Amino acid sequence: MPRAFDVSSADGTVVRGWRSDGEGIPVLLSNGLGTVPQAWPALISPDSGYDVVSWYYRGTFGTARPADPSRVRVEDHVDDALAVLDAAGIEQALVACWSIGVNTAFALAERHPERVAGLLAVAGVPGGTFATMGAPWRVPRRLRQPIATAAARGVQALGPALTWLAPKVPIGPRAAWLVTHTGLIGRTARPDVLVPMLSEFLVQDWGWYMHLALAASRHQAMDLAFVRCPTTLLAGASDVLTSMHDVVQAASKIADARVSVLPGTHFLPLEHPELIQVALGELAARTPLRR
C-alpha cells in the first residue's frame, strides 16, 4: 500500500497525501472524488515505473474538512495538489486524472503550467461535469445538469442514513458480480481489484461527499486554448457519468491532443488498468521527463 503523509494546504487545511514510492517518472494523480489508491492497481504497483503522489479530497479518508465549508472549490483542490507536490519535492510531473479530478488537473495546468509535463485525462472533462451525465440513457442535454443536480441534492439529504447503512453492506465476490452487471461498472473489472476499492469507497460521510460533488459541479467548462503540454484523453463508450462525445469534443479543442474511446464505463482505471498504463507510457514518451 502507498505511504501516507500529512501536509498543510494554502488555507491551513491539513491534507492527507500518499505516495507509492515507486521508482521512475513522477506522476501526480488527481483522483476521482472519494476514491482510493486501490482504484489504480497497475499505477500504484511498485514496479509500475512511476513514482506516484496523490491526496484525499477535503473531509475524506484522513484529510481534514476546511474551517470554511465553502473552501471545497476546484481552486482549493489545486492548492492541495500543489502542497502535495511541494511536500514530495517534485518540481514537474505527469498528471493523471479521473472524473472530477480532471477539473483539478486542467485548472492546475492553467495556473501552474511549469508543474505539468503532460496530462492523461480519464473519463472526465475539464468543467461542466454534471452537464455530461446521462448520455447513454438518451437524457436530453438541456436536462442533464438539472437532473444530476437534483439527484445529488437528494442523496445529500439522505446522507446520514446512507453513512450509517453503506458500511454495513457486505462486499465480496458476489457483490462485485452484481455491481458489474448493473452497467455502471463494466464486467472486465476484476473482483480482486473491485472488492477492496468498494470496501473503502463506501465508508465515508455521504452528505459531505455530495457537498464536494455539488461544489465541483459549479466549475464551468474551460477554454482549453491554454493547454500546451502533451495531452491524452480516454473515454468510456458506455460511460453514463461522462459522455464520450464530450470527451472527444474537449480533445478537439486542444492542440495536438490524442483521444481514444475504450469499451468501458466511467470506471476505466478498474476495467482497463493495462491500457491506461500503455496510454501513460505513450504520453510520457512525448514529454521531457522521458528523455
Side-chain angles (χ1 to χ4, degrees), residues 1-46 48-68 71-122 124 126 197 200-201 204 208-209 212-213 215-216 219 229 269 276 280 283-284 287 289:
M1 284 295 294
R3 172 176 56 86
F5 61 92
D6 290 340
V7 63
S8 291
S9 192
D11 66 345
T13 301
V14 178
V15 174
R16 175 69 50 84
W18 58 264
R19 190 170 194 172
S20 69
D21 284 330
E23 295 184 2
I25 295 173
V27 172
L28 173 70
L29 175 60
S30 182
N31 217 344
L33 183 59
T35 50
V36 291
Q38 292 93 321
W40 296 78
L43 187 60
I44 67 172
S45 173
S48 69
Y50 300 100
D51 178 13
V52 185
V53 295
S54 187
W55 75 99
Y56 298 109
Y57 286 90
R58 295 179 168 216
T60 70
F61 303 112
T63 292
R65 294 187 184 185
D68 178 355
R71 294 296 300 268
V72 290
R73 305 163 302 168
V74 166
E75 294 80 4
D76 300 307
H77 303 324
V78 170
D79 287 340
D80 297 347
L82 286 169
V84 166
L85 282 175
D86 290 343
I90 296 175
E91 291 296 324
Q92 189 181 54
L94 297 178
V95 180
C97 49
W98 176 27
S99 190
I100 284 177
V102 173
N103 296 314
T104 300
F106 276 78
L108 173 65
E110 182 177 37
R111 286 173 52 185
H112 299 278
E114 74 284 356
R115 307 298 295 267
V116 179
L119 287 162
L120 175 67
V122 180
M197 195 282 290
E200 294 286 340
F201 177 71
Q204 54 188 313
W208 181 258
Y209 179 93
L212 295 172
H219 186 237
C229 64
I276 289 179
L280 187 60
L283 175 67
T287 73
L289 294 180

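The figures here come from the full heavy-atom set of this structure, side chains too, leaving out hydrogens, waters and symmetry mates. The shown structure was predicted, so the numbers you read here are calculated from the model rather than taken from an experiment.
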Minimum heavy-atom distance between Pro37 and Pro2, given as atom pair plus value: CB-CG, 3.8 Å
Students often mix this up, so state it plainly: with edges at 30° and 60°, are the rings of Tyr209 and Phe201 parallel, tilted or perpendicular? perpendicular
Has Glu23 got more than 12 heavy atoms of other residues, nucleotides or ligands less than 6.0 Å from its CD? no
Looking only at heavy atoms, what is the nearest atom pair of Trp208 and Arg65, with distance? CB-NH2, 3.5 Å
Examine distances only and state if a side-chain atom of Ser54 and a backbone atom of Trp18 form a donor-acceptor pair shorter than 3.5 Å. no
In terms of heavy-atom contacts, Ser9 and Ala83 come closest through CA-CB, 4.1 Å
Heavy-atom closest contact (Arg115 atom, Glu91 atom, distance): NE-O, 2.7 Å
Has Thr60 got a side-chain atom pairing as donor or acceptor with Gly34's backbone, closer than 3.5 angstrom? no
Within a strict 4.5 Å, meaning less than it, do heavy atoms of the Arg19 and Phe5 side chains meet? yes
Where the side chain of Ser45 meets the backbone of Ala42, is there a donor-acceptor pair that is under 3.5 Å apart? no
Quick one, Ile90 with Leu28, criterion side chain to side chain contact (heavy atoms under 4.5 Å, CB included). Give me CA distance, side-chain angles, the key distance, then yes/no. CA-CA 9 Å; Ile90 296 175; Leu28 173 70; over 6 Å; no
Arg71 and Asp80 ion-paired at < 4.0 Å: no
